[in-house]
Asks: 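Quick one: the structure is below, questions incoming.
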There are 2 protein chains.
Amino acid sequence: MYPVDSASLFAGLAASDKAAFMRHARTRRLTRGELLFAHGDPVTSLYLITCGSVQLFRTTHEGQQKTIALVKAGQPLCEDEIMDACHGRRTSGVAVEDSELLEFPVARVKEMARENGTFALNLLSLVAARLHLAEVEAEHQAAMSAAQLVACFLQRMCVLYDFNQAGFELPYSKTLIASRLGMEVKTFSRTIAKLKDHGISVEGNHVAILDLKAVGKYVCSACSVAGSCNTHQAMEIKTAH
Amino acid sequence: MYPVDSASLFAGLAASDKAAFMRHARTRRLTRGELLFAHGDPVTSLYLITCGSVQLFRTTHEGQQKTIALVKAGQPLCEDEIMDACHGRRTSGVAVEDSELLEFPVARVKEMARENGTFALNLLSLVAARLHLAEVEAEHQAAMSAAQLVACFLQRMCVLYDFNQAGFELPYSKTLIASRLGMEVKTFSRTIAKLKDHGISVEGNHVAILDLKAVGKYVCSACSVAGSCNTHQAMEIKTAH
DNA sequence: CGACACTTTGAAGACGATCAACGCCGGTGG
DNA sequence: CCACCGGCGTTGATCGTCTTCAAAGTGTCG
């Protein structure tokens with residue numbers, strides 16, 4: 001269970017305001033694979049994952065499904081959709097594993113944002129951060145090879161999930177990760193083999209990042225002016241305003 | 001000159017509040033090609049373009065430059081950067097043509113958002129809309145061929161710039177548009193030829209969209225559940241909350 | 001044990017990027 | 001006035017990368 005109070009959404013809020021807001025929360029429990037909402041559904045709620053993780057995805061006309069995001073415990077869900085409720089969900093949301101989340105009615109969230117400037121700015125920070133992330137992601141997709149994408153992703157995951165670089169287990173299936181990276185499973189599979197030569201070993205679900213320099217050399221203009229993709233580390237962590 | 005008062009940023013604001021905010025505005029005039037800010041610069045201001053247009057881009061290590069966005073008169077600039085001033089500009093901004101814009105200090109904007117709930121929600125709407133746009137864009141890049149991208153772009157431009165479908169002039173150079181679409185000029189050039197067969201004729205800077213159905217058949221799951229990319233039209237127009 | 005989802009691998013194919021060369025135009029300077 | 005240059009746009013040929021098709025191995029769970 002994730003400590004809800006420390007969510008960046010509530011940073012800087014008075015305990016009383018937080019408590020008042022929390023009274024509108026409902027707890028939702030999902031089992032592995034259960035649908036939280038579907039593409040096109042009306043946007044009625046904002047969520048905060050307290051346990052587990054959720055996959056956001058879209059299904060293309062051919063039935064293929066593209067993963068937009070993997071959201072883990074402690075992170076909010078759909079904070080970017082609350083402002084245009086009229087257009088319906090932009091993605092489908094499904095529990096990757098047994099999960100638990102807090103559900104806040106959109107109307108309450110807007111009300112809170114309208115009345116509490118700090119909360120509004122927190123919300124703005126979150127959405128802005130996601131936008132930045134989306135831009136970086138887009139640039140990566142365009143500029144980097146499959147191998148670079150995978151290396152970059154593994155390294156970021158390592159930081160974000162607080163894993164030990166020297167050895168950790170993949171928290172998601174390879175199929176899911178491949179979809180998240182926008183590539184075919186086959187390509188992902190092939191790519192993994194090549195990574196051995198670049199300081200990253202993957203065997204089954206076990207990953208070991210042996211040579212960090214090899215990863216770091218993939219420079220990316222979106223991440224910093226002249227730095228390396230190691231600065232990704234800061235990207236998802238920062239939320240303060 | 002664009003009517004500033006009708007900017008979506010100020011929707012629903014009391015005239016007095018708007019006026020108070022506007023007092024902090026400074027007018028900036030840029031000549032064609034002039035730099036507004038560079039990648040990495042501290043984020044000091046939010047802009048509102050009153051006249052002309054601005055290119056946002058990043059320069060990669062090899063010196064190539066990728067266009068992130070083309071912002072035209074009436075639209076705000078950098079509304080997504082104001083919340084993490086510490087990280088510096090994420091893009092460089094340059095005037096595509098002689099332009100004029102209003103400049104608001106970041107501190108004032110934050111202050112306004114903190115005190116005025118409506119303004120805060122307007123800001124949130126803007127950033128959320130941009131995020132949505134970025135996601136759709138990413139999906140397009142991944143799912144559509146070069147020809148589809150160009151067709152889609154031309155059609156959207158037609159709506160966004162209020163052009164006549166039957167015949168209009170490109171407002172930007174082909175080089176710039178190609179960069180905006182994330183493709184090489186050469187590819188863009190070749191693609192244009194192919195479009196003739198699909199109901200879009202381009203000769204020099206003159207474009208005519210003859211067969212709309214041809215364009216419309218490029219369906220895209222990001223835009224609507226089962227609709228066509230014609231719904232792009234709604235995308236950039238909506239900003240209300 | 002058998003169904004089925006997940007993963008790996010080989011071979012062929014499609015697409016866009018890259019290399020290279022050329023025509024076009026506006027500006028500059030001799 | 002003309003020769004030169006740089007930016008822009010077009011076109012042909014080639015190349016690398018990722019997807020697709022096809023097939024088979026691995027694992028889990030009923």
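Proteins come first, then strands; the chains are lettered A, B, ... in the order of their sequence lines, and each starts at number 1. The structure presented is a predicted model; accordingly, all values stated were derived computationally and were not measured.
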Asks: Within this structure, what is the CG-to-P distance between Leu181(A) and dT19(D), rounded to whole angstrom?
Replies: 11 Å
Asks: What is the distance from CZ of Phe188(A) to P of dT17(D), rounded to the nearest Å?
Replies: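 So the CZ-P distance, Phe188(A) to dT17(D), works out to 19 Å.
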Asks: Please give, in whole Å, the distance from dC18(D) C1' to Lys66(A) NZ?
Replies: 15 Å
Asks: According to side-chain contact (heavy atoms from CB on, under 4.5 Å), who are the partners of Ala142(A), at least two apart in sequence or on a separate chain?
Replies: none
Asks: Measure all distances between protein nitrogen or oxygen atoms and nitrogen or oxygen atoms of nucleotides 13-16 of chain C, and list the pairs falling under 3.5 Å.
Replies:
{"unit_1": "dG16(C)", "atom_1": "OP1", "unit_2": "Ala146(B)", "atom_2": "N", "d": "2.5"}

Asks: Counting only N and O atoms by type, is there a donor-acceptor contact under 3.5 Å from the side chain of Gln148(A) to the main-chain atoms of Ser145(A)?
Replies: yes
Asks: Does Arg190(B) make a side-chain donor-acceptor contact with the base of dG9(D), cut-off 3.5 Å?
Replies: no
Asks: To the nearest Å, give me how far apart OH (Tyr172(B)) and C1' (dC8(D)) are.
Replies: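 Taking OH of Tyr172(B) and C1' of dC8(D), I get 19 Å after rounding.
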Asks: Just how far is it from atom CE of Met183(A) to atom CG of Leu149(A), taken to the nearest 0.5 Å?
Replies: 5.0 Å
Asks: Who are the side-chain hydrogen bond (donor to acceptor under 3.5 Å, both in side chains) partners of Thr31(A), not counting sequence neighbours?
Replies: Glu34(A)
Asks: Can you tell me how far P of dT17(D) sits from CD of Gln148(A), to the nearest Å?
Replies: 11 Å
Asks: I need a per-nucleotide contact map over nucleotides 23-30 of chain D, read 5' to 3'. Cutoff is protein heavy atoms under 4.0 Å; write B for the base, S for backbone only, - otherwise.
Replies: --------
Asks: So, are Lys66(B) and Glu139(A) salt-bridged, with charged N and O less than 4.0 Å apart?
Replies: no
Asks: Please determine whether a side-chain nitrogen of the Lys or Arg among Arg180(A) and Glu137(A) lies less than 4.0 Å from a carboxylate oxygen of the Asp or Glu.
Replies: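 Salt bridge present between Arg180(A) and Glu137(A).
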Asks: Can you list everything that forms a ring pair (Phe, Tyr, Trp, His ring centres under 6.0 Å) with Tyr172(B)? Sequence neighbours excluded, please.
Replies: none
Asks: Checking Ser179(B) now: which residues fulfil side-chain contact (heavy atoms from CB on, under 4.5 Å) with it, not counting sequence neighbours?
Replies: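 Ser179(B) satisfies side-chain contact (heavy atoms from CB on, under 4.5 Å) with Thr67(B) once adjacent residues are dropped.
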Asks: Between Arg32(B) (CZ) and dG26(C) (P), how many Å, whole number?
Replies: 14 Å
Asks: What is the distance, to the nearest angstrom, from the CD1 atom on Ile192(B) to the C1' atom on dG9(D)?
Replies: 9 Å
